[in-house]
Amino acid sequence: MQIYVPGEDDSEETRVPLLPETVRQLSGLGCEISVEPGLGAALGVSDSAYMEAGAGATRPREEGLKSADLVLRLNKPSPGEVDILKPGCLHISFLDPFTDASVLRLLAEKSVDAIAMELMPRTTLAQKMDALSSQANLAGYVAVILAAERLPRLFPMMMTPAGTLQPARVLVVGAGVAGLQAIATARRLGARVQAYDTRPTAAEQVRSLGARFVEIKLGETGQTEQGYAKALTDQQIESQRQALQKHCADADVVITTAQVFGKKAPVIVTEEMVRGMKAGSVVVDAAADTGGNVACAAIGQETMVGSVRVLAFRNLSRRVPVHASQVYSNNLGNLVEHFWDKERKEFVLKREDEILRGALATQGGRIVNPLFV
Amino acid sequence: MQIYVPGEDDSEETRVPLLPETVRQLSGLGCEISVEPGLGAALGVSDSAYMEAGAGATRPREEGLKSADLVLRLNKPSPGEVDILKPGCLHISFLDPFTDASVLRLLAEKSVDAIAMELMPRTTLAQKMDALSSQANLAGYVAVILAAERLPRLFPMMMTPAGTLQPARVLVVGAGVAGLQAIATARRLGARVQAYDTRPTAAEQVRSLGARFVEIKLGETGQTEQGYAKALTDQQIESQRQALQKHCADADVVITTAQVFGKKAPVIVTEEMVRGMKAGSVVVDAAADTGGNVACAAIGQETMVGSVRVLAFRNLSRRVPVHASQVYSNNLGNLVEHFWDKERKEFVLKREDEILRGALATQGGRIVNPLFV
Amino acid sequence: MDVSLLFFTFMLAIFLGLELISKVPSKLHTPLMSGSNAISGITIVGALLAAGRGGSVFLTVLGTVAVALAAINVVGGYWVTDRMLAMFRYGPKKDEPQP
Amino acid sequence: MDVSLLFFTFMLAIFLGLELISKVPSKLHTPLMSGSNAISGITIVGALLAAGRGGSVFLTVLGTVAVALAAINVVGGYWVTDRMLAMFRYGPKKDEPQP
Amino acid sequence: MTALLFRNLAYLGAAILFILGLKMLTRPETARRGNRLSALGMLIAIVATLTTRGLSFQWILAGLAVGGIIGAVAAQAVKMTGMPEMVALFNGFGGGASLLVGCAEYLYNPQSPAGTLIAVAAAVLIGGVTFSGSLVAVVKLAGFVSGKPLLFRGQKLVNGLLLAGAILCGAGFAAEAGHMPGLLAALIILALILGIGSTIPIGGADMPVVIALLNSYSGLAACAAGFVLLNTVLIVSGSLVGASGLILTGIMCRAMNRSIGHVLFAGVGVAAGKAADQVQGEARPISPQDAYLLLEAAQHVAIVPGYGMAVAQAQHAVSELGELLQANGCQVSYVIHPVAGRMPGHMNVLLAEANVPYDLLAEPQDVNPTMQSVDVALVIGANDVVNPAAREDASSAIYGMPIVNVDQAKTCIVLKRTLSAGFSGVDNPLFFKPNTRMLFGDAKASVAALVAEFKGT
Amino acid sequence: MTALLFRNLAYLGAAILFILGLKMLTRPETARRGNRLSALGMLIAIVATLTTRGLSFQWILAGLAVGGIIGAVAAQAVKMTGMPEMVALFNGFGGGASLLVGCAEYLYNPQSPAGTLIAVAAAVLIGGVTFSGSLVAVVKLAGFVSGKPLLFRGQKLVNGLLLAGAILCGAGFAAEAGHMPGLLAALIILALILGIGSTIPIGGADMPVVIALLNSYSGLAACAAGFVLLNTVLIVSGSLVGASGLILTGIMCRAMNRSIGHVLFAGVGVAAGKAADQVQGEARPISPQDAYLLLEAAQHVAIVPGYGMAVAQAQHAVSELGELLQANGCQVSYVIHPVAGRMPGHMNVLLAEANVPYDLLAEPQDVNPTMQSVDVALVIGANDVVNPAAREDASSAIYGMPIVNVDQAKTCIVLKRTLSAGFSGVDNPLFFKPNTRMLFGDAKASVAALVAEFKGT
Ligand SMILES: NC(=O)c1ccc[n+]([C@@H]2O[C@H](COP(=O)([O-])OP(=O)(O)OC[C@H]3O[C@@H](n4cnc5c(N)ncnc54)[C@H](OP(=O)(O)O)[C@@H]3O)[C@@H](O)[C@H]2O)c1
Ligand SMILES: NC(=O)c1ccc[n+]([C@@H]2O[C@H](COP(=O)([O-])OP(=O)(O)OC[C@H]3O[C@@H](n4cnc5c(N)ncnc54)[C@H](OP(=O)(O)O)[C@@H]3O)[C@@H](O)[C@H]2O)c1
Ligand SMILES: NC(=O)c1ccc[n+]([C@@H]2O[C@H](COP(=O)([O-])OP(=O)(O)OC[C@H]3O[C@@H](n4cnc5c(N)ncnc54)[C@H](O)[C@@H]3O)[C@@H](O)[C@H]2O)c1
Ligand SMILES: NC(=O)c1ccc[n+]([C@@H]2O[C@H](COP(=O)([O-])OP(=O)(O)OC[C@H]3O[C@@H](n4cnc5c(N)ncnc54)[C@H](O)[C@@H]3O)[C@@H](O)[C@H]2O)c1
């Protein structure tokens with residue numbers, strides 16, 4: 001089976017989809033791998049490192065895509081790239097289908113079987129290939145570090161000869177994977193951390209990291225079978241905002257990570273709430289990729305709203321590209337290995353498989369994922 | 001006694017010398033305090049806050065300086081400002097006498113009694129007024145946060161479904177006040193921390209924070225009575241560099257804080273050592289204020305040396321101005337209170353006092369500090 | 001034989017007494033003292049014999065006084081201990097262990 | 001009187017035995033077993049009387065065998081225990097507490 | 001024969017109940033049941049005794065009735081605050097009863113063997129001391145006379161002579177085969193005086209310890225009476241109480257930070273302060289066991305960490321100790337002196353790492369005003385920041401620095417390895433204050449030992 | 001008279017030395033001295049006995065010499081690996097001696113009262129069981145016969161009948177006032193058979209426990225001999241050994257994760273595995289005390305934390321337990337499963353906070369291959385990540401996920417509150433495996449209890 005790994009065109013993309021270590025893992029399975037020249041350049045990984053690890057050759061993008069049976073990449077392909085793919089080949093990457101489902105149609109038309117990394121189910125078994133989780137985890141850490149660097153005060157408490165420095169108060173909204181890591185990181189730095197989430201099980205998880213959980217009575221909330229949050233009603237969103245208002249005003253740092261699977265992120269922090277914060281406070285909107293939780297945030301940018309600094313960078317994990325690449329590369333490697341048939345030396349798409357049922361977007365010329373049919 | 005607090009001209013200065021809280025403390029002692037209008041603007045502290053706290057009036061700089069019996073400020077005065085001071089008044093601020101001792105001469109000529117904050121002795125009793133320590137402490141924290149924000153990987157170790165992320169390795173050179181705080185902060189974030197210092201007592205202090213101490217045999221090193229390090233011989237510096245070379249190469253982050261009281265900071269990290277580090281590593285030279293420990297650092301700037309990022313910002317504590325102002329303000333307040341005669345309601349300059357013997361630069365028209373006579 | 005046996009018994013009881021008590025929470029100091037004080041009222045056994053055995057009136061009176069004193073010690077001691085202990089709130093009742 | 005006193009002694013010794021040992025590090029399990037086994041060789045006292053008291057030759061032989069068996073138990077038991085214990089490295093010698 | 005057998009079995013049962021009862025009295029959950037078991041044992045013993053052939057009951061019943069009623073009424077009526085006196089009083093009566101039993105036995109059968117006579121003398125001596133000593137304790141505790149120790153020169157000598165005299169009388173009495181009852185009378189008088197003489201010099205504050213000790217004595221008196229009557233249950237129960245009472249006395253002594261020698265041979269109740277001021281220059285070490293007893297009984301503990309805690313990396317152990325103290329119902333605060341450690345916020349980093357909640361942290365100025373109400377100040381590897389020279393000694397290099405006034409707490413326990421000075425090089429008079437105890441050793445090991453004591457309960 | 005008194009005092013001294021010796025044997029620092037003290041006590045008792053008037057020495061000395069030399073030579077010659085057999089052998093001889101003493105006393109004085117005869121019967125019965133049982137143990141341990149349990153149907157019944165028969169013989173013997181020596185002979189035979197019958201079904205692995213129990217028996221046999229001779233030192237020492245031996249047996253049992261009932265009444269040495277496979281569906285709880293004993297004896301412990309540790313915030317306690325285990329000479333590793341907890345690196349944050357060094361952390365693939373050599377796998381609030389269904393049950397929702405194979409460790413202790421499933425909702429067969437024990441309760445409380453056990457030593 002010919003595997004090809006193309007690079008990325010986006011100059012802001014610092015991550016590398018596949019690292020030599022995973023090449024070694026996969027060629028151990030019997031894959032023939034070729035990569036685009038300069039694939040690892042952003043991280044200082046040379047082409048020869050890939051060769052040493054077992055890659056067969058470097059190939060320019062066009063040539064590689066045309067001949068590959070299996071394409072592993074990071075972000076979704078351009079329409080032109082889809083066009084040159086070999087029909088019947090398998091394509092694994094983020095596809096961003098909720099923002100723009102057209103790529104699915106193109107892939108289906110081309111009879112390409114495509115796995116969308118963002119559709120990976122949230123089961124225990126699938127966790128090793130769950131790239132959304134592994135990136136969100138890093139994003140949670142990055143969000144706190146960004147805030148710490150910009151806050152005009154310290155995170156930890158210090159009782160010094162020149163007076164007691166009060167610890168920073170951090171409010172984390174949304175305690176999923178990213179939110180929990182943000183809580184953990186802020187706690188490590190010594191901040192007083194509060195967190196809030198709509199899912200009932202989140203409270204225990206927040207406390208398991210030693211932080212306070214903010215209780216807000218909203219009535220029925222709940223979570224899907226996958227563990228994702230359900231979207232709130234407008235009225236619930238409203239009462240949630242009201243309740244969070246005073247917690248925001250107390251906070252030096254607000255980090256929002258609230259997302260709803262397949263939907264635009266809910267707007268939880270209003271401009272009024274931001275303006276009600278102390279001068280110099282920092283708000284990090286870590287849900288910027290799906291539209292952001294902060295009303296006045298400029299997606300992708302750092303802005304001042306009054307005297308409050310609001311960060312809404314996309315793809316926070318790009319700021320720690322070494323580890324972000326490592327985990328994505330491992331996710332891909334684990335995915336291929338999981339479905340690899342050692343006898344036939346090929347990737348087997350079992351339709352009845354629970355994981356594939358979730359993650360497979362197109363197969364045999366049709367869009368098969370029930371969310372997009 | 002008339003106290004006057006002028007602001008700063010330097011646009012990079014984010015700190016405020018005196019906060020309303022200290023005004024309250026001092027006016028409780030019976031001082032009459034006036035401040036320059038807009039003194040607290042950088043931190044969003046209004047003039048009226050000073051008035052409420054007990055300041056008598058706001059006065060423009062010239063008027064204020066002319067009439068004050070006691071001037072409290074942050075950085076050294078310009079020659080023009082010295083010129084208009086009232087002869088016989090007391091002036092307390094950083095004076096930076098080691099870089100440029102001419103200001104002492106001017107002050108002496110003007111018969112101004114001046115206390116230089118950087119000359120404050122390192123005794124237990126003086127610690128509450130020791131601004132060098134209180135700023136260095138913040139600088140140590142900031143150095144780590146700056147590095148964390150720029151490092152393309154995480155600080156903590158994480159064993160995740162997508163592989164184990166190795167913790168960052170941090171090397172701290174110079175384990176004084178700033179170095180110790182850097183160690184503590186990096187440890188909090190979960191890094192593997194090593195530290196090195198020439199003073200023999202530093203080893204225990206490093207270990208008391210749970211970090212590893214790097215032992216380098218240099219022969220006689222030692223420290224002054226004040227607890228400051230002695231300068232090394234050229235040969236010692238050379239063997240130190242050699243020994244540190246491999247520790248640097250292993251490190252993801254190097255933070256240098258080595259200073260020698262009254263001298264230019266020693267150059268410990270050579271360009272060769274920097275270039276020997278891994279791509280993406282970060283070096284923070286926290287001794288930039290006294291010349292820097294890193295040979296290839298551009299003082300005041302962030303530069304790339306090969307693929308290594310080198311930061312050599314001055315006055316790191318300015319990046320956390322809220323707390324930096326709080327501690328400096330408290331240092332000033334404690335200093336005035338310590339020498340305040342409650343009966344006579346004035347600041348009494350006892351020459352035989354141990355603290356003043358160290359900190360007093362000029363008195364009665366002469367430079368009195370033995371280091372500058 | 002008899003007496004040496006008594007000494008054996010004495011020795012064993014002393015050792016047992018020394019082993020029996022090792023760590024006592026401070027709130028139990030007084031009750032324990034009071035409770036064991038009540039036990040030392042066992043001298044009532046001797047007093048009963050002295051009072052009931054006959055002999056001169058003086059002896060009987062002596063014995064009777066001894067009985068009365070010892071009875072005060074025994075009855076009062078147990079009672080007062082019980083009152084003290086009644087005041088404590090216990091922890092979880094359920095895992096009240098058997099001795 | 002005699003016999004009831006013996007029962008008293010018995011009871012006290014049993015209680016004392018139960019209290020005496022509470023927590024034993026696992027490496028001492030075997031030595032402790034062996035050492036207390038040697039103590040149970042105290043039956044040699046009875047054996048000595050049986051062997052030395054006279055009576056029929058059979059009785060004396062019986063007694064002598066009993067002495068021999070018990071002596072093996074006693075001598076061997078203490079000796080072997082001592083050998084086991086000699087192998088241990090102790091911690092800090094200095095604070096070797098008195099019993 | 002069967003009656004005797006039955007009686008002896010009953011005594012055996014009673015003794016077993018006493019043993020179980022005492023054991024159970026040491027645990028809060030079982031204490032009440034234990035006390036009742038032991039009372040049941042007593043009932044069995046009394047009933048068994050009454051089956052003795054040839055007893056006439058009228059006097060016995062009279063005595064039982066009078067004593068029982070008085071005991072019950074007194075026990076029911078006494079206020080909780082009056083408990084200690086009441087216990088002391090009961091105890092005195094027990095001792096008195098043993099004394100009388102000894103006398104009665106001798107008078108009933110003056111031709112007893114020497115062994116019995118020795119036992120009689122012992123019962124009388126110990127019983128007498130218990131009786132009069134307990135009464136003195138009652139009077140002191142009830143406030144009929146001042147609780148202050150009554151001291152006079154040569155007191156110890158006088159007590160020594162009294163004791164020697166009493167022993168001589170007893171020995172003579174036994175040696176003369178009981179032919180000189182006068183010696184017995186003299187013994188009684190000497191015993192009573194000795195009981196008074198050895199109790200009056202002890203201050204009111206130490207009375208609980210004294211009562212515990214007298215309780216142990218009354219056990220021994222009962223045991224002696226047992227040897228007089230050759231009665232096993234008396235011997236067993238008496239010596240049980242005697243031995244366990246001694247242990248209890250030791251435990252209580254240490255929980256009150258007294259040494260038993262001091263309690264008995266000096267007017268320690270108030271003299272501790274005075275005596276100790278003179279021994280300035282001599283630090284008093286304390287064992288972890290004793291320190292535990294102090295902490296266990298404390299209502300309010302202030303923990304003052306310093307650089308030594310950091311060196312020892314004891315923060316986790318300290319945090320655990322704090323939690324255990326809180327679980328024990330004690331109020332705990334961590335007093336962080338601003339210059340503690342070797343960098344600003346040094347203690348904060350460590351305590352945060354050990355998950356000590358921010359709310360428990362206090363600054364010296366918050367705690368100093370109420371330091372007198374702190375039962376134990378636990379100084380963990382701090383030195384300069386608790387050096388009272390900064391307050392008291394104008395010539396000191398650190399004079400004028402605000403410190404944590406741990407010397408004003410009721411007791412101060414200092415954990416460090418030696419008596420050497422801290423960073424500033426200034427010697428610390430705290431270590432020699434009368435209310436200071438030094439817990440020498442590495443701070444982590446010492447705190448771990450305290451934790452172990454707490455958990456071993 | 002004075003000789004008697006002297007002898008009795010000597011016996012008293014010997015008993016005291018035995019008590020002190022036993023006490024000291026329980027602490028490593030004092031054990032050797034304790035053993036020697038107790039040997040001194042034995043010497044005193046023997047010498048005192050030899051002062052009995054009218055003893056003729058030639059036979060005694062012959063017996064002493066033969067026995068002493070054999071004992072000494074055997075003790076000196078035995079290899080360390082052969083110690084357990086040797087102890088069992090010595091123990092058997094002690095039991096045999098008691099049996100002989102009982103017989104001899106009866107034969108010497110056949111007209112003894114019933115009580116004495118009962119004692120004779122007891123000495124013979126217990127001594128005989130000890131003797132033959134110990135010999136079986138020796139033979140099994142030395143490998144002369146297979147260490148495997150010899151099992152046959154109705155074994156328990158046979159042993160029960162043997163015991164009943166022996167008791168009947170003994171009772172008859174005493175009831176007939178010793179007129180039927182044949183009953184005594186029968187008793188001896190039955191006792192010997194019973195000793196064999198009750199030991200052969202026990203597997204070699206359980207032999208140490210059996211020896212400890214037989215040791216307790218031989219104490220009781222000596223005690224019975226004491227009642228025969230009305231000799232106090234025998235009674236006291238014998239019952240001391242009997243009682244403390246029982247406690248020791250219990251301790252050893254629990255340290256080997258056996259119940260005493262199982263040891264005695266089933267061929268547990270091997271049958272544990274078999275028996276338990278059948279009881280699938282029944283989890284076996286364990287107390288912190290017993291869990292402590294397992295950990296205390298372990299050479300290698302793997303700690304597997306999960307989300308429950310985080311919920312309980314037990315990380316500091318866990319870290320402390322790890323340190324205590326290491327201090328006890330045990331190798332400790334923390335096995336972090338990548339999906340443990342609720343976020344990537346969840347366990348890392350907590351363990352870093354608790355200062356667990358990074359070097360001690362291991363990934364499952366590092367530890368799994370050598371899991372068989374792990375004595376105890378301590379699963380702290382983990383569930384899905386140790387679920388063997390992922391390996392064994394192809395129909396499970398987590399089939400195929402690599403797990404930490406704690407079920408392959410020698411013993412696995414799981415700390416959680418209930419038997420309920422983890423995040424994935426998949427039931428966990430681990431809880432029902434024969435080598436798994438459930439330590440129910442909040443993880444923090446459970447670990448704290450283990451720590452307390454360790455520190456309470
Ligand atoms: N906070 C800051 O920024 C800073 C910076 C530099 C200097 N300082 C100075 O440092 C001092 C701080 O006061 P402090 O009370 O915290 O410390 P300290 O006065 O230096 O005393 C620390 C004590 O801890 C004991 N110790 C050391 N290791 C120990 C161990 N393993 N176990 C138990 N005890 C141990 C030492 O006594 P033994 O040797 O007898 O055990 C020592 O006396 C002040 O003088 C302050 O001015 C502070
Ligand atoms: N790592 C991640 O990023 C991540 C994210 C989301 C989900 N997950 C999933 O979470 C699971 C993690 O596995 P796991 O083994 O760590 O946890 P788990 O399977 O969820 O089991 C945790 C166990 O801890 C016990 N527990 C809870 N509170 C406790 C307390 N206070 N004291 C003692 N025990 C307590 C619970 O049993 P009792 O109720 O009986 O006490 C529960 O069975 C996996 O299924 C994984 O897929 C992981
Ligand atoms: N089984 C596994 O192995 C596995 C792996 C990863 C995640 N998960 C689970 O998946 C779930 C989702 O995790 P995620 O981080 O990917 O979620 P996400 O990124 O979709 O959302 C982040 C968080 O925002 C919260 N949120 C949504 N709307 C909100 C609102 N209005 N206000 C406040 N908070 C709001 C959600 O509850 C969620 O916790 C979690 O339960 C997580 O534990 C499971
Ligand atoms: N008494 C007090 O209360 C008090 C207060 C503050 C500081 N101090 C003490 O003062 C001393 C100096 O502290 P500081 O932070 O102000 O020092 P600093 O800023 O002058 O120097 C920083 C560190 O660099 C180290 N250094 C110098 N040359 C070096 C070299 N060639 N290689 C490696 N390291 C080198 C020094 O030893 C020092 O630790 C410390 O001992 C500190 O504990 C005491």
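Sequence lines set the chain letters: A, B, ... in the order given, protein chains first and strands last, and positions in each chain run from 1. As a basis for the values below, the full set of heavy atoms in this structure was taken, side chains included, without hydrogen atoms, waters or symmetry mates.
- In this structure, chain F has no heavy atom under 4.5 Å from any part of D:Phe15.
- Judged purely by atom type and a 3.5 angstrom limit, D:Arg83 uses its side chain to pair as donor or acceptor with the backbone of F:Ala75.
- Both the backbone and the side chain of D:Leu49 come within less than 4.5 Å of a heavy atom in chain F.
- For the set F:Tyr108, F:Trp59, F:Phe93, F:Phe57, the entry with the most heavy-atom pairs within less than 4.5 Å of chain D is F:Tyr108.
- In terms of non-hydrogen atom pairs under 4.5 Å with chain D, the most contact-rich of F:Leu229, F:Asn91, F:Ile235 is F:Asn91.
- Among D:Leu16, D:Val67, D:Val74, D:Asn37, the residue making the largest number of heavy-atom pairs under 4.5 Å with chain F is D:Asn37.
- If you check the side chains of F:Tyr11 and F:Thr49, you find a donor sitting under 3.5 Å from an acceptor.
- To the nearest 0.5 Å, atom CG of residue D:Leu62 and atom SG of residue F:Cys103 are 6.0 Å apart.
- At a 4.5 Å heavy-atom cutoff, the contact between F:Ile247 and chain D is made by side-chain atoms alone.
- The CD1 atom of F:Ile126 sits 10.0 Å away from the OG atom of F:Ser218 when rounded to the nearest 0.5 Å.
- Heavy atoms closer than 4.5 Å to chain D are found nowhere in F:Ala119, neither backbone nor side chain.
- Between chain F and the residues D:Leu18, D:Ile39, D:Ile14, the largest count of heavy-atom pairs under 4.5 Å involves D:Ile39.
- Side-chain N/O atoms of F:Ser98 and D:Thr43 include a donor and acceptor closer than 3.5 Å.
- Only the side chain of F:Val241 has a heavy atom closer than 4.5 Å to any heavy atom of chain D.
- The distance from the CD1 atom of F:Ile118 to the CZ atom of F:Phe227 is 11.5 Å, given to the nearest 0.5 Å.
- Heavy atoms closer than 4.5 Å to chain D are found in both the backbone and the side chain of F:Gln76.
- Interatomic distance, F:Asp290 CG to F:Glu453 CD, rounded to the nearest 0.5 Å: 9.0 Å.
- Contact count versus chain F (heavy atoms, under 4.5 Å) is highest, among D:Thr64, D:Leu12, D:Val61, for D:Thr64.
- Between the side chain of F:Asp375 and the backbone N or O of F:Gln299 there is at least one donor-acceptor pair closer than 3.5 Å.
- Looking at D:Ala70, both its backbone and its side chain come within 4.5 Å of chain F, counting heavy atoms on both sides.
- Although no hydrogens or angles enter the test, the distance criterion places no donor-acceptor pair under 3.5 Å between the side chain of D:His29 and the main chain of F:Leu248.
- Of the atoms belonging to D:Val45, heavy atoms from both backbone and side chain fall under 4.5 Å from chain F.
- Contacts between D:Ile44 and chain F at a heavy-atom distance below 4.5 Å involve the side chain alone, from C-beta outward.
- With a 4.5 Å cut-off on non-hydrogen atoms, F:Phe18 touches chain D through its backbone and its side chain both.
- Taken to the nearest 0.5 Å, the OG atom of D:Ser34 stands 4.0 Å off from the CE atom of D:Met84.
- Using a distance-only test at 3.5 Å, with no hydrogens or angles considered, no donor-acceptor pair links the side chain of F:Asn109 to the main chain of F:Ser112.
- Of the two parts of F:Leu107, the backbone and the side chain both hold a non-hydrogen atom closer than 4.5 Å to a non-hydrogen atom of chain D.
- Here D:Leu59 is the residue among D:Val65, D:Val75, D:Thr9, D:Leu59 with the most heavy-atom pairs under 4.5 Å with chain F.
- Counting heavy-atom pairs closer than 4.5 Å to chain D, the top residue among F:Leu25, F:Asn215, F:Val101, F:Val87 is F:Asn215.
- Between chain D and the residues F:Val66, F:Leu50, F:Ile19, the largest count of heavy-atom pairs under 4.5 Å involves F:Ile19.
- Using a 4.5 Å cut-off between heavy atoms, F:Ser56 contacts chain D through both its backbone and its side chain.
- Ion pairing between F:Lys23 and D:Glu19 fails under the 4.0 Å rule for side-chain N and carboxylate O.
- F:Thr30 contributes atom OG1, which lies 9.5 Å from atom CG of F:Leu37 (distance to the nearest 0.5 angstrom).
- When atom types are taken as modelled, the side chain of F:Ser216 and the backbone of F:Gly245 share no donor-acceptor pair closer than 3.5 angstrom.
- Heavy atoms closer than 4.5 Å to chain D are found in both the backbone and the side chain of F:Ile211.
- Only the side chain of F:Ala225 comes within contact range of chain D, with heavy atoms under 4.5 Å apart.
- Top candidate by heavy-atom pairs under 4.5 Å with chain F, chosen from D:Gly46, D:Ala51, D:Ala38, is D:Gly46.
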